[in-house]
Amino acid sequence: MLELRDVEIRYGPVPAVRNLTLRLGKGELVGLIGPNGAGKSTTLHAITGLQPAHAGDITLDGRSLRGLAPEAIARAGVSLVPEGRRIFPDFSVEENLRLGLAARTGLRRAGLDDAYEVFPRLHELRRRAGGALSGGEQQQLAIGRALLARPSVLLLDEPSLGLAPIIVDAVFAALGTIRERGVSILLVEQRAQRTVAACERTHVLANGELRMTLGPDDAGDTQKLIAAYLSG
């Protein structure tokens with residue numbers, strides 16, 4: 001469904017990502033981990049058109065996304081939940097969610113049920129201001145808002161950042177529910193062991209290059225995970 005082939009991304013003359021090739025099939029959960037500054041968020045930004053790819057190609061269902069505007073890529077079926085959530089604190093939960101419908105034709109109240117089914121808590125809080133939510137509730141809101149665009153591919157950038165362990169459990173459980181709907185997920189995370197255990201495969205990015213690909217059976221191999229992070 002989503003494929004990156006020999007992608008290179010630069011900031012001026014400095015390469016941030018080099019020769020990156022990975023695939024994301026329908027309904028798959030694929031992880032992307034690595035040390036800070038490895039190029040993980042940059043990769044997500046290139047997929048969404050927020051950062052240009054300078055070489056290689058990025059395709060969705062065989063159609064190249066390179067050169068398309070971010071809004072065109074969103075309409076094509078790619079949604080990003082950015083690091084830091086970026087909700088509107090003065091808007092209610094429901095108003096924040098309605099912004100996720102912008103990529104669809106026509107605003108329908110029934111569309112909000114897509115988010116409420118995955119995150120029932122949002123329905124309870126629907127009239128509360130986004131800024132009054134806990135960190136975990138804001139993360140649910142950010143993911144729910146992205147789901148309302150009915151994406152075929154969901155990109156998540158550090159969804160567990162700053163959350164308590166019990167809330168992290170809820171977020172990872174929600175990823176399973178989202179996958180059951182046929183949505184493909186590319187997950188950028190710092191919780192390496194948790195990510196490797198949850199994903200079909202997890203790519204390790206270091207110094208802008210793909211160093212290793214791990215499977216769920218590798219989640220318990222602490223030494224292998226450490227070696228993967230130090231491979232750069």
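When reading the values below, keep in mind they use all heavy atoms of this one structure, side chains included, and skip hydrogens, waters and symmetry mates.
S134 and E137 share a side-chain donor-acceptor pair at under 3.5 Å.
Under a cutoff of 6.0 Å and an axis angle of 45°, R126 and Y116 do not form a cation-pi pair.
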*Please walk me through it: do L163 and L161 pass side-chain contact (heavy atoms from CB on, under 4.5 Å)?*
CA-CA 6 Å; L163 302 184; L161 185 66; over 6 Å; no
*List the steps, then state whether side-chain contact (heavy atoms from CB on, under 4.5 Å) holds for V153 with V183.*
CA-CA 6 Å; V153 174; V183 178; over 6 Å; no
*Take L97 and L141 through the test side-chain contact (heavy atoms from CB on, under 4.5 Å) and record every step on the way to the result.*
CA-CA 7 Å; L97 288 174; L141 178 55; 3.6 Å; yes
*Begin with the C-alpha distance, continue with both residues' side-chain angles, and end with the deciding distance and a verdict on side-chain contact (heavy atoms from CB on, under 4.5 Å) for I33 and V188.*
CA-CA 6 Å; I33 64 174; V188 165; over 6 Å; no
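Without hydrogens or angle criteria, S79 side chain to P151 main chain gives no donor-acceptor distance under 3.5 Å. Not one N or O on the side chain of R23 forms a donor-acceptor pair closer than 3.5 Å with the backbone of L2. Counting only distance, with no hydrogens or angles, the side chain of R194 and the backbone of F172 share no donor-acceptor pair below 3.5 Å. Between the side chain of E158 and the main chain of Q190, a donor-acceptor pair closer than 3.5 Å is present. At distances below 3.5 Å, not a single donor-acceptor pair connects side-chain atoms of Q138 with backbone N or O atoms of I87. Judged by distance alone, with hydrogens and angles left aside, the side-chain atoms of T213 form no donor-acceptor pair with the main-chain N or O of H203 at under 3.5 Å.
Nearest heavy atoms, R145 versus N96: CD-O, 3.2 Å. The two residues V81 and I143 have their closest heavy-atom pair at CG2-CA, 3.9 Å. The minimum heavy-atom distance linking L101 with L148 is given by the pair CD2-O, 3.7 Å. Considering all non-hydrogen atoms of both residues, P52 and I9 come closest at O-CG2, 3.6 Å. Scanning both residues, V17 and G39, for their nearest heavy atoms gives CG2-O, 3.7 Å. Of all the heavy atoms in L187 and P159, the pair that sits closest is CD1-CG, 3.5 Å.
The residues R5 and E3 are annotated as salt-bridged, a charged nitrogen and a carboxylate oxygen being separated by less than 4.0 angstrom. Checked for salt-bridge contact, K26 and E28 miss the test: no charged N lies under 4.0 Å from a carboxylate O. Under a 4.0 Å N-O distance rule, the pair R18/E209 qualifies as a salt bridge.
The side chain to side chain contact (heavy atoms under 4.5 Å, CB included) search around R179 returns L29, I185, E200, not counting sequence neighbours. A search for side chain to side chain donor-acceptor pair (under 3.5 Å) contacts involving D57 returns S64, not counting sequence neighbours. Residues that satisfy the side chain to side chain donor-acceptor pair (under 3.5 Å) test with E189, not counting sequence neighbours, are S160. Applying the side chain to side chain contact (heavy atoms under 4.5 Å, CB included) test to S92 and every residue at least two apart in sequence or in another chain returns E94, E95.
Contact check for T59 versus L65: no side-chain heavy atoms found under the 4.5 Å cut-off. With contacts defined as side-chain heavy-atom distances shorter than 4.5 Å, the pair L80/R86 does not qualify. A heavy-atom distance below 4.5 Å is not found between the side chains of R10 and Q51. Between L210 and V204, every side-chain heavy-atom pair lies at or beyond the 4.5 Å cut-off.
In the hydrophobic clustering of this structure, L50 does not group with L154; members are Ile, Leu, Val, Met, Phe, Trp, Tyr whose side-chain heavy atoms approach within less than 4.5 Å, directly or through other members. M212 is not connected to L32 by any chain of hydrophobic side-chain contacts under 4.5 Å among Ile, Leu, Val, Met, Phe, Trp and Tyr, and they are in different clusters. Both L4 and V78 sit in one connected hydrophobic cluster of ILVMFWY residues. Membership requires side-chain heavy atoms under 4.5 Å apart, directly or through other members. I73 and L20 end up in the same hydrophobic cluster when Ile, Leu, Val, Met, Phe, Trp and Tyr side chains are linked at under 4.5 Å. Hydrophobic cluster membership differs between V196 and L205, with clusters built from Ile, Leu, Val, Met, Phe, Trp and Tyr side chains linked at under 4.5 angstrom.
Applying the ring-ring contact (aromatic ring centres under 6.0 Å, His included) test to every pair with at least one member in residues 72-100, sequence neighbours left out, gives these pairs: F88-F91. Counting only residues at least two apart or in different chains, salt bridge (charged side-chain N to carboxylate O under 4.0 Å, His left out) contacts with residues 216-230 comprise D218-K224.
Residue R181 holds its CZ atom at 8.0 Å from CD1 of I178, rounded to the nearest 0.5 Å. Rounding to the nearest 0.5 Å places CG of N19 at 7.5 Å from OG1 of T21.
The salt bridge (Lys or Arg N to Asp or Glu O under 4.0 Å) test with E124 is passed by exactly one of R121, R128, R127: R121.
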